[in-house]
Amino acid sequence: MTADSMQALVYTGAGELEVQVVAAPDPGPGEARIEIARCGICGTDLHLVLENYARPGSVLGHEWSGRIAALASDVDGWSLGDRVVAAPPPACGECRSCRRGRPAVCRRRGATDYLSFRGAFAEYVIADSSLLRRIPDKVDDRAAALTEPLAVALHALSLAAPEPDDRVLVTGAGPLGLLAIAALRARGVSDITVSEPASLRRDQAEKVGARRLIEPSDLADPPMGEPVTTPFDIAFECSGRADAAAAALDQLDRAGTLVLLGTGSTEPRFNHNRMIVLELVVLGSYNYDADGFDDALSMLSSDILPIDELVDPVEIGLLGVASAIRESADGKRRGKVLVDPSAARTDVHQ
Ligand SMILES: [Zn+2]
Ligand SMILES: [Zn+2]
């Protein structure tokens, strides 16, 4: 394997992924070539593959950590071997969304193009050097790969602004739910109940700091126009399931907030009368705060997060991604599955 070519996991259509040898990307002006150390499998990747939204020829994977392997000659301030993640392009600061303090939905940021998307389920990616962030020495490659999904969880916390004495419900204890629980604990919120059907994931939720573990069927049907007996101030919906979203709304106290983080293909039904009489708020949470990657890196370096419980104990190479995606969708993986693209270079289609 030379630096001219690399292995990449290519989406070939119809839910199929194939490890191929492709040209290694060269950095253009202002860019760096990053050798991927770890790349996490995201819930978005599950949807893109299993529901066939991805465009054939694309390479998925956006939750990565890596090392600078090549630099364009005009890049200053970085050296080969530096450990980095790449933050998203900054919001413009001027559009209507930005003026309203909502940089995550800046109107001048381009949407992700999945047709030409060149992600990090590959040995190398190209990144604009202006977006690079140095990984602190005490944050290892695995933890650094959590920067992006942790920034997603922290953004939901910013929008919902939980107080330490709030009662919080988290529905779904997949990787995103676990990160939300850990981030809540790190921010001083301790009264956290997790609703999750898979016992493996309930156990994991307890390990990352949930106080109470229930199954979805344990969630109470609310009396008309009144909160349930033990209601919640905030619910974070991390499963992407329509029934979980509707049930989470039903558990809220007066003036409660439901934050939707998990995407899904079935639309939830919300009781609007209940929203009116209890003045409930439903918020979508997308992407990150303006400084979300910096906040995530500083939380990761503070030793406050249970990294070993947030990542799945079994790491995989590119060849293992397809089955790991199916297992994650079935709730059979314990935490964030991390991919090491340099592992197991066999069975490659050229
Ligand atoms: Zn993600
Ligand atoms: Zn803007």
Side-chain angles (χ1 to χ4, degrees), residues 9 11 36-51 53-54 58-66 85-114 117-122 125 127 131 133 142-159 172-180 182-183 236-240 259-264 284-293 295-297 299-300 305 310-312 321 324-325 328-329 333 335-339 341:
L9 187 69
Y11 182 76
I36 298 301
R38 297 289 188 283
C39 182
I41 295 177
C42 179
T44 307
D45 298 321
L46 269 55
H47 289 296
L48 287 167
V49 172
L50 299 175
E51 292 161 28
Y53 291 128
S58 59
V59 175
L60 304 178
H62 56 269
E63 302 180 354
W64 55 264
S65 61
V85 296
C92 77
E94 293 165 3
C95 72
R96 185 179 287 261
S97 303
C98 285
R99 289 202 310 270
R100 291 180 174 191
R102 305 291 288 275
V105 283
C106 172
R107 287 152 203 241
R108 296 195 189 144
R109 248 192 213 154
T112 306
D113 172 11
Y114 290 108
F117 191 64
R118 285 280 151 202
F121 292 147
V125 292
L131 305 178
R133 298 290 185 277
R142 298 175 317 144
L146 296 177
T147 305
E148 192 270 359
L150 178 59
V152 168
L154 290 175
H155 180 52
L157 265 60
S158 294
L159 290 176
L176 184 55
L178 295 179
L179 279 163
F236 293 95
E237 204 307 289
C238 300
S239 74
V259 187
L260 300 172
L261 290 103
T263 56
S285 176
Y286 185 57
N287 283 340
Y288 335 101
D289 293 341
D291 297 319
F293 273 53
D295 296 342
L297 282 171
M299 186 176 273
L300 286 165
L305 298 175
L310 292 167
V311 303
D312 196 86
V321 173
I325 281 178
S328 296
R333 288 291 195 146
K336 173 68 72 183
V337 177
L338 296 182
V339 181

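Only a predicted model underlies this, so the values are computations on that prediction, with no experimental measurement involved. Order of appearance sets the numbers: ligands from 1, and atoms from 1 within every ligand. Note that the numbering runs from 1 along the sequence shown for the chain.
Note on E63: counted as a metal contact of the Zn ion (ligand 1), an N/O/S atom lying under 2.8 Å.
Less than 2.8 Å away from the Zn ion (ligand 2), the protein contributes these N/O/S atoms: C92 SG, C95 SG, C98 SG, C106 SG.
Residues meeting the salt bridge (Lys or Arg N to Asp or Glu O under 4.0 Å) test with R142, sequence neighbours left out: D140, D308. The salt bridge (Lys or Arg N to Asp or Glu O under 4.0 Å) test applied to E63 returns K336, not counting sequence neighbours.
Contact check for D312 versus L338: no side-chain heavy atoms found under the 4.5 Å cut-off. Within the 4.5 Å cutoff, side-chain heavy atoms of V85 are placed close to those of F293.
Remark: L297 CG to R133 CZ distance equals 8.5 Å, nearest 0.5 Å.
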Residues 89-98, side-chain donor-acceptor partners within the protein, below 3.5 Å, at least two apart:
unit_1 : atom_1 : unit_2 : atom_2 : d
E94    : OE1    : R108   : NH1    : 3.1
S97    : OG     : V105   : O      : 3.0
S97    : OG     : R107   : NE     : 2.9

